[in-house]
Amino acid sequence: MAIAVAGPEIERLIQLLARLPGLGPRSARRAALHLIKKREALMAPLSAALQVAIEKIQVCKVCGNIDTQDPCTVCTDPRRDPSIIVVVADVADLWALERASATNGQYHVLGATLSPLDGVGPQDLTIDALVARAHDPKVTEIILALNATVDGQTTAHYITDLLQEAGVKVTRLAHGVPVGGELDYLDEGTLSAAMRQRTLF
Ligand code: ZN
């Protein structure tokens, strides 16, 4: 067992920080020390921000985004295009697309991707709600912005089948050469997908 170098309160802080993604025990210790040193400038505001987040954060009942209001900021923005729904697996993907200003459409967060091996089935995803939204006459296109993994593509095929009768156009993100990418460094799967999905110049 590791020897404790600080009192139980500080050890608890370190243990909690170590549960954050990207932080191991070592960097959690460093983060805790940094917070303690910057008690007034950082630790107190962080604690206050966490408290507000606990009280106010909720899941948007329309799209599944996380926000301090329901419906969320994206769903209530009148400049968004109501004819497009961008389907993502996770809120992190929604936020990534928003950071890139990649779309002006609405969103739908599935909550996960289908993964039979991990026991994640259609009932664990918000697929029924998506199908219902797709039947809204305002909606004309569903963009599947899912991971280019086996699970992501399995989910995309499953949803595409279900949306057949909704009378909407179903599209998915292109697979191919990343912006700034050099062909020599790409894996074979990406290269062959890019060749198959070539577009007119
Ligand atoms: Zn929303």
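Atoms within each ligand, like the ligands themselves, are counted from 1 in listed order.
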Worksheet item: Is a donor on one side and an acceptor on the other found under 3.5 Å between the side chain of D70 and the backbone of C72?
Response: no

Discussion item. Is it the case that the side chain of T155 and the backbone of L114 share a donor-acceptor pair, with hydrogens and angles ignored and the cut-off at 3.5 Å?
Written reply: yes

Practice prompt. Give a yes or no on whether the backbone of G152 and the side-chain of T149 come within a donor-acceptor separation of less than 3.5 Å.
Written response: yes

Discussion item. Distances under 2.8 Å only: what protein N/O/S atoms are near the Zn ion (ligand 1), ordered by chain and residue?
Written reply: C60 SG, C63 SG, C72 SG, C75 SG

Worksheet entry | Any side-chain donor near an acceptor of the partner, Q15 and E11, under 3.5 Å | no

Fill in: Side chain N104, main chain R79, donor-acceptor under 3.5 Å
yes

Fill in: E98/R80 ion pair, N-O < 4.0 Å
yes

